[in-house]
Amino acid sequence: MEAHMSTAVDPTVDSAELDEMFADISRMNVPAGYRVEIIEGEIVLNPQCKVHSRIIQLLTLSLMDARGRDANVLWDVRIDFPGCLNGYVPDVALVKDDAEEDDDGRHDFRDVEFVAEVVSRSSRRDDFDAKLKVYAGSGVPTYLIADPKTGVVHVFHAPQNGVYSDETTYTFGNEVTLPSPELTIDTSDWPFDRRA
């Protein structure tokens, strides 16, 4: 297995500054169909498409089938991560069942058990680089990247010293085994998008 290198992640989260940045974003005319995140202090807009949305839906249903309808599954919900201004909006995140929201209705990154991103042409660099480093450095147990262009699912697991020590790849159409949370996801109906 290939280990992915990362630098140490500052454990502090500057939610106050992120709140200001998201407030500024809310006053902008962001086009419909775009997801807005702050990655390393930069405002990033990524277009959503039907294929992207369908994979998110199917993955969410798989998590809820395995963990129950009351599972704390989030999609497109802001979670602030450590480092230099990281207000991420993961495509899918599974938060511990007993996790509590803060006064602003957000979850702490330490309560995230699993996170998934569906790659698009514009998100590829961030999903495979910045987010990979921050999720590992933050101790997120499992990070799944679904790539509808190549039809490959990457499962990164077991963060140690700020890097994921394990990566397993699967092709769309096969069952994907997640080590944490322990469950299997059927990708037989996950669509491809050769334009992604």
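Given the structure is predicted, the values throughout are model-derived calculations rather than measurements.
Under the 30°/60° scheme for interplanar angles, the aromatic rings of Y135 and Y143 are found to stand perpendicular. Aromatic ring pairs are classed by plane angle as parallel below 30°, tilted from 30° to 60° and perpendicular above 60°; the pair W190 and F172 is perpendicular. A tilted orientation is assigned to the rings of Y88 and F81, their planes being inclined by 30° to 60°.
Proximity of L63 to F114: side-chain heavy atoms (C-beta onward) are separated by under 4.5 Å at one or more points. By the 4.5 Å heavy-atom criterion applied to side chains, P31 and L45 are counted as neighbours. At least one side-chain heavy atom of V30 sits less than 4.5 Å from a side-chain heavy atom of I25. Within the 4.5 Å cutoff, the side chain of E113 has no heavy atoms near those of the S180 side chain. You'll find the side chain of E101 stays beyond 4.5 Å of the side chain of D108, heavy atoms only. Two residues are said to be in side-chain contact when any heavy atoms from C-beta on lie closer than 4.5 Å; I185 and E175 fail this criterion.
Taken together through direct or relayed side-chain contacts under 4.5 Å among Ile, Leu, Val, Met, Phe, Trp and Tyr, V89 and M28 form parts of separate hydrophobic clusters. Put simply, F156 and V118 are part of two different groups of oily side chains (I, L, V, M, F, W, Y) that touch within less than 4.5 Å, one to the next. Under the 4.5 Å side-chain heavy-atom criterion for grouping Ile, Leu, Val, Met, Phe, Trp and Tyr, V152 is not connected to V51 through any hydrophobic cluster. L58 is connected to L178 through a chain of hydrophobic side-chain contacts under 4.5 Å among Ile, Leu, Val, Met, Phe, Trp and Tyr, so both are in one cluster. Note on V36: it clusters hydrophobically with I38, by side-chain heavy-atom contacts below 4.5 Å among ILVMFWY residues.
Under the side-chain hydrogen bond (donor to acceptor under 3.5 Å, both in side chains) test applied with H157, the options T142, D166, T168 reduce to a single match, T142.
Between the side chain of S53 and the backbone N or O of K50 there is no donor-acceptor pair closer than 3.5 Å. Counting only distance, with no hydrogens or angles, the side chain of D129 and the backbone of R125 share no donor-acceptor pair below 3.5 Å.
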Test side-chain contact (heavy atoms from CB on, under 4.5 Å) on E40 and L85 and set out the steps. CA-CA 5 Å; E40 297 178 337; L85 297 174; over 6 Å; no

Verdict with reasoning, V153 to D147, per side-chain contact (heavy atoms from CB on, under 4.5 Å): CA-CA 6 Å; V153 178; D147 188 342; over 6 Å; no

Candidate pair D104 and D19, rule side-chain contact (heavy atoms from CB on, under 4.5 Å), full reasoning: CA-CA 10 Å; D104 295 317; D19 287 344; 4.2 Å; yes

Output, in order, the C-alpha distance, side-chain angles, deciding distance and verdict of side-chain hydrogen bond (donor to acceptor under 3.5 Å, both in side chains) for S123 and D127. CA-CA 6 Å; S123 74; D127 292 343; 2.8 Å; yes

Could you walk me through whether R78 and F22 pass the side-chain contact (heavy atoms from CB on, under 4.5 Å) test, one step at a time? CA-CA 10 Å; R78 175 182 161 193; F22 276 105; 3.4 Å; yes

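Shortest non-hydrogen contact noted between I55 and P148 is CD1-CB, 3.9 Å. Between R110 and K96, the closest heavy-atom pair is O-NZ, 3.5 Å. Closest heavy-atom contact between Y164 and P141: CE2-O, 3.9 Å. The minimum heavy-atom distance between D97 and N72, with the atom names listed, is OD1-N, 4.0 Å. Annotation for A71 and L94: closest pair CB-CD1, 4.5 Å, computed over non-hydrogen atoms. The shortest heavy-atom contact between V155 and T177 is CG1-O, 4.5 Å.
Atom CG of D70 has 12 or fewer heavy atoms from other residues, nucleotides or ligands within 6.0 Å. For Q57, the CD atom sits in a packed shell: over 12 heavy atoms of surrounding residues, nucleotides or ligands are nearer than 6.0 Å.
Less than 6.0 angstrom separates the ring centroid of H154 from the ring centroid of F128.
We find the CZ-OG distance between R35 and S120 to be 7.5 Å, quoted to the nearest 0.5 Å. One finds the CG atom of N174 at 4.0 Å from the OG1 atom of T171 (value rounded to the nearest 0.5 Å). To the nearest 0.5 Å, the span separating CG on L144 from CG on L59 amounts to 6.0 Å. For the atom pair H107 NE2 and I79 CD1, the distance stands at 7.5 Å (nearest 0.5 Å). For the atom pair CD1 of I56 and CG of D76, the computed distance is 5.5 Å after rounding to the nearest 0.5 Å. Here the straight-line distance linking atom CZ of R124 with atom CG of N46 works out to 12.0 Å at 0.5 Å rounding.
Comment: K131 engages E37 in a salt bridge, judged by a side-chain N to carboxylate O separation of less than 4.0 angstrom.
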